[in-house]
**Student:** 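Quick one: the structure is below, and I'll ask about it shortly.
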Amino acid sequence: MTQQTLSIIKPDATQRNLQGAILKMIQDAGLKITAMKMIHLSKKQAEGFYAVHSDKPFFDSLTDFMCSGPVVVSVLEGQDAISKYREVMGATNPANADEGTIRKAFALDIEKNSVHGSDAPETAATEIAYFFNQLEIVRS
Ligand code: ADP
Ligand code: MG
């Protein structure tokens, strides 16, 4: 099934100039970029994006981190794009990430783990709409 998913290249990665290397891994996996922009989130915008985690002990630190520098937000499309991108990303904690994944290659720790990817069709739709309107997404 063709799906769309939301990707974020997080501030730890943009700070180390890893945008190109990460986008190459995404494209090499066969995922197509159908929208992309670089933005610097405010604390409020980061809190809104991660609202599902607002009760977690790491919420304040996570949202501080997410607004500490620019992020690259993109829409990825392809066969089973949601699970495929989660595979390319690797486990949340880079200590558990498989060889060949983005997080194994680049993540610094469980928080500064270089990338975000949606986890289900419903969250993908909500997250894409948080950053892009329909006119900003290229039709494939
Ligand atoms: P994922 O990004 O793999 O979907 P989660 O949705 O569980 O992971 O968490 C969202 C983000 O919150 C993670 O990518 C990471 O940046 C941060 N995070 C998750 N768990 C922790 C933790 N135990 N300590 C600090 N930060 C965390
Ligand atoms: Mg998640």
Side-chain angles (χ1 to χ4, degrees):
M1 182 181 37
T2 300
Q3 291 178 326
Q4 291 182 321
T5 191
L6 183 88
S7 164
I8 305 178
I9 301 177
K10 296 183 178 181
D12 69 285
T14 60
Q15 207 246 331
R16 287 175 288 151
N17 259 347
L18 293 171
Q19 296 95 313
I22 290 172
L23 291 169
K24 175 163 169 51
M25 291 174 79
I26 288 170
Q27 293 182 304
D28 284 351
L31 290 162
K32 188 170 168 184
I33 299 164
T34 56
M36 184 159 63
K37 60 187 164 193
M38 184 156 70
I39 54 179
H40 193 142
L41 293 171
S42 67
K43 176 80 168 169
K44 284 268 172 290
Q45 289 167 335
E47 288 171 349
F49 179 73
Y50 274 122
V52 290
H53 291 306
S54 59
D55 56 348
K56 304 274 171 54
F58 56 81
F59 181 69
D60 192 49
S61 176
L62 170 63
T63 52
D64 275 348
F65 161 57
M66 289 300 291
C67 65
S68 68
V71 295
V72 175
V73 193
S74 55
V75 178
L76 307 179
E77 188 177 299
Q79 279 292 112
D80 300 313
I82 295 169
S83 63
K84 180 179 273 189
Y85 185 45
R86 298 285 313 188
E87 282 171 29
V88 176
M89 287 165 55
T92 306
N93 186 343
N96 303 326
D98 290 339
E99 283 299 332
T101 63
I102 293 169
R103 283 167 166 170
K104 177 72 178 184
F106 300 125
L108 300 177
D109 57 41
I110 193 170
E111 177 183 83
K112 295 175 178 58
N113 59 5
S114 302
V115 279
H116 167 85
S118 310
D119 61 9
E122 303 71 36
T123 48
T126 309
E127 291 176 2
I128 289 168
Y130 194 77
F131 291 109
F132 296 100
N133 67 49
Q134 283 306 310
L135 289 175
E136 296 172 311
I137 303 172
V138 173
R139 283 170 209 254
S140 50

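When reading the values below, keep in mind they use all heavy atoms of this one structure, side chains included, and skip hydrogens, waters and symmetry mates. Nothing here was measured: the structure is a model prediction, and the numbers come from that model. Both ligands and their constituent atoms are indexed starting at 1 by order of listing.
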**Student:** Which of parallel (below 30°), tilted (30 to 60°) and perpendicular (above 60°) describes F131 and F49?
**Tutor:** tilted

**Student:** Return each pair, listed once, that meets side-chain hydrogen bond (donor to acceptor under 3.5 Å, both in side chains) where at least one residue sits in residues 75-84; pairs must be two or more places apart or across chains.
**Tutor:** E77-S140

**Student:** Quick check: does any side chain N or O of Y130 sit under 3.5 Å from a backbone N or O of Q45, one acting as donor and the other as acceptor?
**Tutor:**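 It does hold such a pair.
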
**Student:** Could you tell me whether the side chains of S118 and E127 share a donor-acceptor contact shorter than 3.5 Å?
**Tutor:** yes

**Student:** According to the side-chain hydrogen bond (donor to acceptor under 3.5 Å, both in side chains) rule, which pairs have a member within residues 89-103, sequence neighbours left out?
**Tutor:**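 Counting only pairs at least two positions apart or across chains, no side-chain hydrogen bond (donor to acceptor under 3.5 Å, both in side chains) contact touches residues 89-103.
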
**Student:** What does the list of residues with a heavy atom under 4.0 Å from ligand 1 look like, ordered by chain and number?
**Tutor:** K10, Y50, H53, F58, L62, R86, T92, R103, I110, E111, N113

**Student:** Please list all pairs meeting salt bridge (Lys or Arg N to Asp or Glu O under 4.0 Å) that have one or both residues in residues 40-57, counting only residues at least two apart or in different chains.
**Tutor:** K43-D60, K43-D64, K44-E47

